[in-house]
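Throughout, a chain's letter reflects where its sequence line sits, starting with A, and its residues are numbered from 1. Computed over heavy atoms, backbone and side chain alike; hydrogens, waters and symmetry mates excluded.
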Amino acid sequence: MSSKIQAVRGTQDMVGEDAARFDAVVETFTRVRRLYGFRPVQVPVFEFTGVFARSLGETTDVVSKEMYTFEDRGGESLTLRPEFTAGIARAYISNGWQQHAPMKLSAWGPAFRYERPQKGRFRQFHQLDAEILGSGEPAADVEIIAFAQHLLDELGLQGKTVLNLNTLGDPETRAAWQAALIAHFSAHRDALSAESRDRLEKNPLRILDSKDAADKALVADAPRIDAYMSGEAGAWFDAVRKGLDAAGVAYQRNEALVRGLDYYRHTTFEFITDHLGAQGTVLGGGRYDGLMEALGGPPTPCVGWAAGIERLAMLLDAPEAETIDAAVVPMGEAAEARAFEVLQALRRAGLSAEQAWRGNMKKRMQKADAAGARYAVIIGDDELAAGEVTVKRLATGEQWRVALDALPEALR
RNA sequence: GCGACCGUAGCUCAAUCGGUUAGAGCGCCGGUUUGUGGUACCGGAGGUUGCGGGUUCGAUCCCCGUCGGUCGCCCCA
């Protein structure tokens, strides 16, 4: 295939069912986000590299080896977004959106990471994104999680995902807990896996969700955050849990669900599935109260989530194939000359309609059937002479004549 | 970035131990039917076996490389 033109590794072309699944996810997202008052936001697909480097942290895998970074002709280092949050936060700061706070924003589109492709993991992938900027209330966490749950329900994924919920506490809580974890794992350093010894330096919280058997044994009796929780942090988490209960959102406490970056505070959550192999997370998010400041902006409490469109699309039941209301089948030159008049009348009346551009009647009837048309609108010399068309209901085969100007009504 | 498996028509797959013209179903095109689709029957097109190299009298099959896919690790959506 090397001599043939081919798509870049980890990118995909979608038509038919794949495209329909993708479309169904986006359409449902747009519908549900309106129910919650999340407004659309558009931000660039690329930013100055520093936006992502500063927001994600230089040591993160995403920044150190997964970004698509390039220089433009002016010598600026630019990066294709590996996620949405940093760009939205940058826009908030650049445009002074604090005057609008709190803002409930949503977006969807492509993101890029240079990773080894797998099922549910691509180099260009697509995300749904929701953010609440400038609200330091537990109620915002409840609302954004309820939105996520509602979206998954509307997608028909009840039973296929489980909401995992945890808290990282406030900065004091987090710092105390992290120090205790480092002390605990350092004491058993030799028993840790090589990866986790590495994490001990760079990202100690991450040891908690290691898949290594030896690590798991040490994690089992590692210090729990609940023992270090400050009064305020505990009250916050209680408020979130009570809110979720009131909203009817079921969750599972997962004390190992953590985020490595310091600016994450309090609530963290992921909707996890066991239907996608190693890629279990279908939607993940949390509160990132420290991010805006890390980017040089005003202190701004925020909470948000992102979901993988491809991952959701893979979990969906196959959407119904798209159909049309009518296929116009003209016979002969005179009829072909009138076909667009009929087509446009139907479309203007809100009925979907198309015609095959060539072929005899049989061919065009076959195309009508293949397009899933409810009706065939047959126009021949006889019909034209009478100012009528023949309408055939393809499901039953019955057909009848209809006056040309009464056609749209007849097909409703 | 690390490890493993896989790659044959548009799609899903077959082809004995390495053996001569690489097959089938679906799909596509045409016909049976010059104003009637979806069913049925008949016919047809479509392949440098991902690509490059090696071993062999002979390679879809064995070896190496490469590109792509898949699974796990890592990370994450």
Side-chain angles (χ1 to χ4, degrees), chain A residues 1-12 15-17 25 56 59-66 81-85 108-130 148 161 193-196 198-199 202-203 206 209-212 215 257 259-260 270-273 276-285 304-315 327 329-332 335 356 359-383 390-399:
Chain A
M1 230 36 122
S2 59
S3 60
K4 262 187 206 164
I5 189 148
Q6 65 180 37
V8 172
R9 180 172 211 187
T11 66
Q12 20 171 17
V15 274
E17 185 182 321
V25 172
L56 295 170
T59 59
T60 314
D61 272 17
V62 173
V63 171
S64 57
K65 51 189 194 201
E66 294 177 2
R81 67 178 172 215
E83 52 132 56
F84 279 68
T85 306
W108 70 270
F112 306 83
R113 284 181 204 172
Y114 191 88
E115 289 189 281
R116 190 83 175 264
Q118 286 182 33
K119 189 191 206 78
R121 175 193 282 187
F122 309 94
R123 286 184 174 181
Q124 176 177 333
F125 59 106
H126 299 80
Q127 287 189 331
L128 309 174
D129 190 85
T161 62
S193 66
E195 276 108 10
S196 286
D198 212 41
R199 291 187 182 109
K202 297 200 322 203
N203 202 346
R206 277 284 168 200
D209 55 8
S210 171
K211 288 170 188 166
D212 184 89
D215 290 348
L257 183 67
R259 302 269 112 99
E270 292 184 6
F271 287 83
I272 294 175
T273 181
L276 287 178
Q279 277 63 246
T281 302
V282 115
L283 183 155
W305 54 251
I309 296 180
E310 288 88 348
R311 291 183 184 178
L312 292 171
M314 283 187 278
L315 293 178
V329 180
M331 288 179 298
N360 57 25
M361 184 182 192
K362 180 189 168 70
K363 273 259 98 57
R364 295 189 197 217
M365 289 297 288
Q366 284 176 347
K367 296 249 170 70
D369 191 61
R374 286 162 56 224
Y375 297 99
V377 175
I378 300 163
I379 315 172
D381 293 337
D382 297 350
E383 284 85 351
T390 295
V391 169
K392 179 167 186 171
R393 192 196 305 274
L394 292 176
T396 60
E398 59 185 318
Q399 62 182 52

Distance-only donor-acceptor test, [X] side-chain atoms vs [N] base atoms, 3.5 Å:
{"X": "A:Glu66", "N": "B:rG1", "answer": "no"}
{"X": "A:Arg311", "N": "B:rC76", "answer": "yes"}
{"X": "A:Lys367", "N": "B:rG37", "answer": "no"}
{"X": "A:Arg121", "N": "B:rC74", "answer": "yes"}
{"X": "A:Lys119", "N": "B:rU70", "answer": "no"}
{"X": "A:Asp369", "N": "B:rG37", "answer": "yes"}

Contact class for [X] vs. all strands (heavy atom < 4.0 Å): base, sugar-phosphate, or nothing?
{"X": "A:Leu283", "value": "sugar-phosphate"}
{"X": "A:Gly397", "value": "base"}
{"X": "A:Arg199", "value": "sugar-phosphate"}
{"X": "A:Ala306", "value": "sugar-phosphate"}
{"X": "A:Arg206", "value": "sugar-phosphate"}
{"X": "A:Ala376", "value": "nothing"}

Counting only side-chain heavy atoms from C-beta out, which of [options] sits nearest to [X]?
{"X": "A:Asn360", "options": "B:rC76, B:rG35, B:rC2", "value": "B:rG35"}
{"X": "A:Pro117", "options": "B:rG35, B:rU36, B:rU70", "value": "B:rU70"}
{"X": "A:Gln366", "options": "B:rG35, B:rC75, B:rG38", "value": "B:rG38"}
{"X": "A:Arg116", "options": "B:rG35, B:rG3, B:rA77", "value": "B:rG3"}
{"X": "A:Arg9", "options": "B:rG69, B:rG35, B:rU36", "value": "B:rG69"}

Quick one: look up who [N] pairs with, Watson-Crick or G-U, both distances under 3.5 Å, and put none if it's unpaired.
{"N": "B:rG25", "result": "B:rC11"}
{"N": "B:rA4", "result": "B:rU70"}
{"N": "B:rG58", "result": "none"}
{"N": "B:rC17", "result": "none"}
{"N": "B:rU33", "result": "none"}

Sub-4.5 Å side-chain heavy-atom contact between [X] and [Y]:
{"X": "A:Arg123", "Y": "A:Val8", "value": "no"}
{"X": "A:Gln127", "Y": "A:Arg311", "value": "no"}
{"X": "A:Ser196", "Y": "A:Arg206", "value": "no"}
{"X": "A:Ile378", "Y": "A:Met361", "value": "yes"}

- Query: So, A:Thr390 and A:Gln399: side-chain donor and acceptor under 3.5 Å apart, yes or no?
  - Reply: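 Absent: no donor and acceptor within the cut-off.
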- Between B:rG19 and B:rG58, how far is it from one C1' atom to the other, in whole Å?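 Per the computed distance, 7 Å lies between those C1' atoms.
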- Between A:Gln127 and A:Gly10, which is nearer to the 5' end of RNA chain B once each is assigned its nearest nucleotide?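 Per heavy-atom nearest nucleotide, the more 5' residue is A:Gly10.
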- Does A:Lys362 have a side-chain nitrogen or oxygen under 4.0 Å from the phosphate oxygens OP1 or OP2 of B:rU33?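 A:Lys362 to B:rU33 OP1/OP2: no side-chain N or O under 4.0 Å.
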